[in-house]
Amino acid sequence: MSLLRIGFPALLALAGGALVMGLTTSASLLGMFTQAVIYAIFALGVGVLLRQNGLVSFGHALFFGAAGYGMGVVLTLGWMPAELALLAVLAAIGAGAFLIGLVIVRVPGIAFGMLTLAIGQMAYLLASRARGLTGGADGMGIPWPDTLFGVPQATLLQPATLFMLAWALMVAVTCALLWLLGTRFGAVTEAIRDNEERARFIGIRTTVPRALVYALSAVVTGIAGLLSALNTGFVAPESLHWSASAITLLMVVVGGFKRATGPIVGAIVYFLFKDLLGEWATHSMALFGAALIAVIVFSPDGITGALGKLRQRLRHGPRKKGSQP
């Protein structure tokens with residue numbers, strides 16, 4: 001997909017985010033929207049792995065929590081400025097995920113998911129017990145500097161500023177993924193996903209591209225982790241727990257992983273049930289579970305897949321009996 005085709009929808013999306021920010025007068029509601037956008041980026045990371053590799057990860061919270069812990073350790077020890085630390089943490093996450101991916105992407109199906117779960121839980125236990133470095137089960141405060149990229153912390157932590165920062169990053173990440181997956185790299189990884197044996201037969205080395213997709217998904221998830229650490233100024237072992245990965249995977253399934261915006265839609269739907277309905281309904285998670293079952297049964301491609309089919313029907317009209325499929 002060309003940059004020109006991506007650019008105009010991106011500008012519309014940015015304008016939509018600015019409109020949401022302008023119309024939302026409640027700071028707490030804007031904070032909830034910010035959290036939803038952060039998890040939408042998290043879901044984009046999980047979704048690109050499922051879309052390009054056809055693999056389900058139950059341990060992607062490893063990269064979400066590692067981003068926060070990495071910033072906390074680097075800033076506490078004073079190794080480098082915060083601006084450089086942001087890039088260094090993402091680079092370390094990408095490199096580490098690539099090395100892990102070189103090993104685990106060779107394992108198919110549910111075994112891959114169990115491996116990611118085991119690796120993620122190892123990190124969770126390490127963060128919970130390394131009290132001297134990570135604060136243990138109590139978590140770790142992140143000593144962000146007074147200014148970041150020349151912006152005072154007091155300005156950066158304003159609910160409206162944080163929301164627009166998260167929204168702009170979500171749009172940028174989505175556009176970057178659309179562009180990258182529209183290149184030859186995207187076509188190669190799709191070919192490997194569909195038939196790895198045939199891809200090898202025509203001369204494609206399959207392990208490295210699959211490991212690169214795993215690293216790409218980890219970096220996207222790490223961006224979400226850094227935003228969460230900036231938003232809260234704190235990181236706890238719960239951010240590494242498998243349940244965070246499972247919830248995000250549910251968002252991807254509900255929204256639909258075959259379309260770029262599917263994980264974003266799934267995150268919005270999840271937070272709608274969790275926060276807005278939670279004020280009136282005691283069993284908000286049960287309602288989300290019912291929505292998940294309905295999506296799996298009636299629309300395996302998720303909400304965005306169902307909307308896409310509806311749009312096609314409205315555009316072309318209902319088929320007449322006896323017409324060619």
Side-chain angles (χ1 to χ4, degrees), residues 1 41-70 86-124 126 172-226 240 242 244-246 248-249 252-253 257-258 260 262-263:
M1 184 176 291
I41 300 175
F42 188 171
L44 282 171
V46 176
V48 73
L49 178 66
L50 185 56
R51 178 182 176 183
Q52 295 303 121
N53 275 2
L55 297 172
V56 176
S57 172
F58 295 107
H60 247 53
L62 164 65
F63 309 113
F64 183 77
Y69 275 112
L86 289 169
L87 299 177
V89 166
L90 286 179
I93 288 174
F98 177 72
L99 294 177
I100 294 172
L102 286 175
V103 178
I104 67 174
V105 296
R106 304 168 188 266
V107 181
I110 192 63
F112 173 86
M114 293 299 100
L115 274 176
T116 59
L117 175 63
I119 295 170
Q121 286 304 101
M122 286 173 58
Y124 168 75
L126 178 63
V173 168
T174 304
C175 292
L177 290 176
L178 283 173
W179 172 79
L180 181 62
L181 299 181
T183 63
R184 183 178 183 276
F185 174 76
V188 167
T189 52
E190 286 182 5
I192 296 171
R193 176 202 65 197
D194 293 339
N195 195 320
E196 186 172 358
E197 184 177 354
R198 182 176 294 176
R200 287 174 178 168
F201 181 76
I202 62 176
I204 297 175
R205 296 182 178 180
T206 61
T207 302
V208 171
R210 289 166 72 87
L212 285 173
V213 170
Y214 186 73
L216 173 65
S217 68
V219 170
V220 173
T221 303
I223 293 173
L226 290 175
L240 295 163
W242 71 268
S245 302
T248 309
L249 184 59
V252 175
V253 173
F257 67 90
K258 292 184 179 180

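Position 1 is the first residue of the sequence, and the numbers go up from there. Note that these values count all heavy atoms, side chains included, but never hydrogens, waters or copies made by symmetry.
Taking CG from L249 and CZ from F42, the interatomic distance works out to 9.5 Å, rounded to the nearest 0.5 Å. Rounding to the nearest 0.5 angstrom, the gap separating the OG1 atom in T116 from the CD atom in Q121 is 10.0 Å. Here the straight-line distance linking atom CZ of R106 with atom OG1 of T206 works out to 8.0 Å at 0.5 Å rounding.
Minimum heavy-atom separation, G94 to A215: O-CB, 3.5 Å. Closest non-hydrogen pair, A43 versus V252, comes out as O-CG2, 3.4 Å. Across every non-hydrogen atom of L102 and T207, the tightest pair is O-CG2, 3.8 Å. Nearest heavy-atom pair across A97 and A218 is CB-CB, 3.4 Å. Closest non-hydrogen pair, G222 versus A67, comes out as O-CB, 3.4 Å.
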Working note: L115 + V103, criterion side chain to side chain contact (heavy atoms under 4.5 Å, CB included); need CA distance, chi angles, decisive distance, verdict. CA-CA 10 Å; L115 274 176; V103 178; over 6 Å; no

Let's go through T174 and L178 carefully: what are the C-alpha distance in whole Å and the side-chain angles of both, what is the deciding distance for side chain to side chain contact (heavy atoms under 4.5 Å, CB included) to 0.1 Å, and is it a yes or a no? CA-CA 6 Å; T174 304; L178 283 173; 4.3 Å; yes

What do the steps show when you test L126 against Y69 for side chain to side chain contact (heavy atoms under 4.5 Å, CB included), and what is the final call? CA-CA 12 Å; L126 178 63; Y69 275 112; over 6 Å; no

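The 12-atom threshold is not exceeded at CE of M122, counting heavy atoms of other residues, nucleotides or ligands nearer than 6.0 Å.
Among the candidates I93, T221, I41, L226, the single residue satisfying the side chain to side chain contact (heavy atoms under 4.5 Å, CB included) test with F64 is T221.
Shown here are the ring pair (Phe, Tyr, Trp, His ring centres under 6.0 Å) partners of Y124, two or more places apart in sequence or in another chain: H241. Evaluation of the salt bridge (charged side-chain N to carboxylate O under 4.0 Å, His left out) rule for R200 yields E196 as partners, not counting sequence neighbours.
A heavy-atom distance below 4.5 Å is found between the side chains of F185 and L212.
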Please table the atom pairs, donor to acceptor, closer than 3.5 Å between any side-chain atom in residues 44-63 and protein atoms at least two apart or in another chain.
unit_1, atom_1, unit_2, atom_2, d
Q52, NE2, G186, O, 3.4
Q52, NE2, T189, OG1, 2.7
N53, ND2, R210, O, 3.0
S57, OG, G59, N, 3.3
S57, OG, H60, N, 3.4
S57, OG, H60, ND1, 3.0
H60, NE2, S217, OG, 3.0

